[in-house]
2 protein chains.
Amino acid sequence: MNPISSEIASSFRRHGLRCTAQRYAVFQYLLKHPRHPTVEEIRKAINRHDPRASRATVYNSLHALVEAGLIREVSIAGQATRFECHIERHHHFVCDRCERIEDVEWFDFEEIAKKSGITSHSIREVVFQGLCANCLSRTGR
Amino acid sequence: MNPISSEIASSFRRHGLRCTAQRYAVFQYLLKHPRHPTVEEIRKAINRHDPRASRATVYNSLHALVEAGLIREVSIAGQATRFECHIERHHHFVCDRCERIEDVEWFDFEEIAKKSGITSHSIREVVFQGLCANCLSRTGR
DNA sequence: TTTTGTGCAAAAGGTTTGCATACGA
DNA sequence: TCGTATGCAAACCTTTTGCACAAAA
């Protein structure tokens, strides 16, 4: 395992999280792999090195990090839950075909939404579903 | 069971679907309950009367009806899959707290989306996530 | 030393699958 | 009759839970 960054360790503590090797490995993995990995992807990856982490621990770690606001959960319908360390507000796009997930720059829907029957909601995130440019060009439609 | 509507029966046939009692019951239920029921809700409801349907059959029926374009699947992250017979294009809103799902009138995002880093996607649906008016007023935030 | 996290295995949903039987056309 | 749908039970996947043990502070 890499040496523990004291920055990360103290960031953990600042958020009331003990700095365990497993938790640290999970977070490190997310820092290095910003492509919305699933829980299994994370678990397999970190278990190629020390320390190893059980499934339950990976779930625990992820939830603790989400609670602390250090990472974000990306729940996509029909897919296993994914996680990212990109915590600024943003939206997501999911391709119906290849299931690729893309980050979409934040923009405010309130005004648009109001015109369309959503009244006074506080919108946390919007998920676009459709075909990505790749799949679109590959199929014509 | 209610008498079989020959309209529905012939609509099934027009779409290449045999008109089985179970399939019919599933479809009828969706017609009468437009509030995005889950598979279990549908199954329990139709099994209060004749004909009864097994879990597998309810899934089969729903998938066949979706294939045929007679109903729509509503996949919401973190929830069991739901179905509706409202097949015109529309969006959905999901409340983070009470999990209520609301239909949102269709509107075209392409223009808005382009400005925000989505390029040339064909958008099928947009899911808004946030707090519904109810939960918003109940909590202040 | 105290508290919190970890590992394991089992359980809990939701959904799919395989196969023998029943039923619609 | 032929081909497709149904029912059942088992399998599968993701996620949660309970509990004894280990590690952080």
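So you know, we letter chains A, B, ... as the sequences are listed, proteins then strands, and number each from 1. Note that the coordinates shown come from a computational prediction; the quantities given were computed from them, not determined experimentally.
A continuous path of Ile, Leu, Val, Met, Phe, Trp and Tyr side chains, each step under 4.5 Å between heavy atoms, connects A/F83 with A/Y24, placing both in one hydrophobic cluster. By the criterion of side-chain heavy atoms lying less than 4.5 angstrom apart, applied directly or through intervening Ile, Leu, Val, Met, Phe, Trp or Tyr residues, A/V74 is grouped together with A/V127 in one hydrophobic cluster. Under a hydrophobic-cluster definition in which Ile, Leu, Val, Met, Phe, Trp and Tyr are linked whenever side-chain heavy atoms come within less than 4.5 Å, directly or via other members, B/F12 and B/L30 are assigned to the same cluster. Side-chain heavy atoms closer than 4.5 Å link hydrophobic residues (I, L, V, M, F, W, Y) into clusters, and following such links, possibly through other members, connects B/V66 to B/Y59. A single hydrophobic cluster is not seen to contain both A/V94 and A/V39; linkage of ILVMFWY side chains at heavy-atom distances under 4.5 Å, directly or through other members, places them apart.
Between B/H36 and B/H92, the ring center distance clears the sub-6.0 Å criterion. For A/F27 and A/Y29, the distance between ring centers is not under 6.0 angstrom.
Heavy-atom contacts of chain A under 4.0 Å fall on DNA chain D between two terminal nucleotides, which in 5' to 3' order are D/dT14 to D/dA25.
Proximity of residues 52-61 of chain B to DNA chain C (heavy atom under 4.0 angstrom from any strand atom) is restricted to B/R55, B/A56, B/Y59.
To the nearest angstrom, C1' of C/dT6 lies 15 Å from CG of A/L17. Atom CD in B/E73 sits about 15 Å away from atom P in C/dG14, given to the nearest Å. In this structure, A/L62 atom CG and C/dG5 atom P are separated by 14 Å, rounded to whole Å.
For A/E67, there are no salt bridge (Lys or Arg N to Asp or Glu O under 4.0 Å) partners two or more places apart in sequence or in a different chain.
Nucleic acid contact class of B/T38 (heavy atoms, under 4.0 Å, all strands): none.
Under the 3.5 Å distance criterion, with hydrogens and angles disregarded, no donor-acceptor pair is assigned to the side chains of A/H91 and A/D103.
Annotation: salt bridge (Lys or Arg N to Asp or Glu O under 4.0 Å) contacts involving residues 77-93 of chain B, sequence neighbours excluded, comprise B/R72-B/E84.
From one end of the helix from C/dT1-D/dA25 to C/dA25-D/dT1 to the other, with five pairs defining each end axis, the axis direction shifts by 30° (rounded to 10°).
One distance of note links CZ of A/R23 with CD1 of A/I8; it measures 13.5 Å at 0.5 Å rounding.
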Protein and nucleotides 19-24 of chain C: nitrogen or oxygen contacts under 3.5 angstrom:
unit_1: C/dG24; atom_1: N2; unit_2: B/R18; atom_2: NH2; d: 3.1

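Within 6.0 Å of the CZ atom in B/R35, the count of heavy atoms belonging to other residues, nucleotides or ligands does not exceed 12.
Residues B/Q22 and B/V58 have side chains not in contact (no heavy-atom distance under 4.5 Å, counting atoms from C-beta outward).
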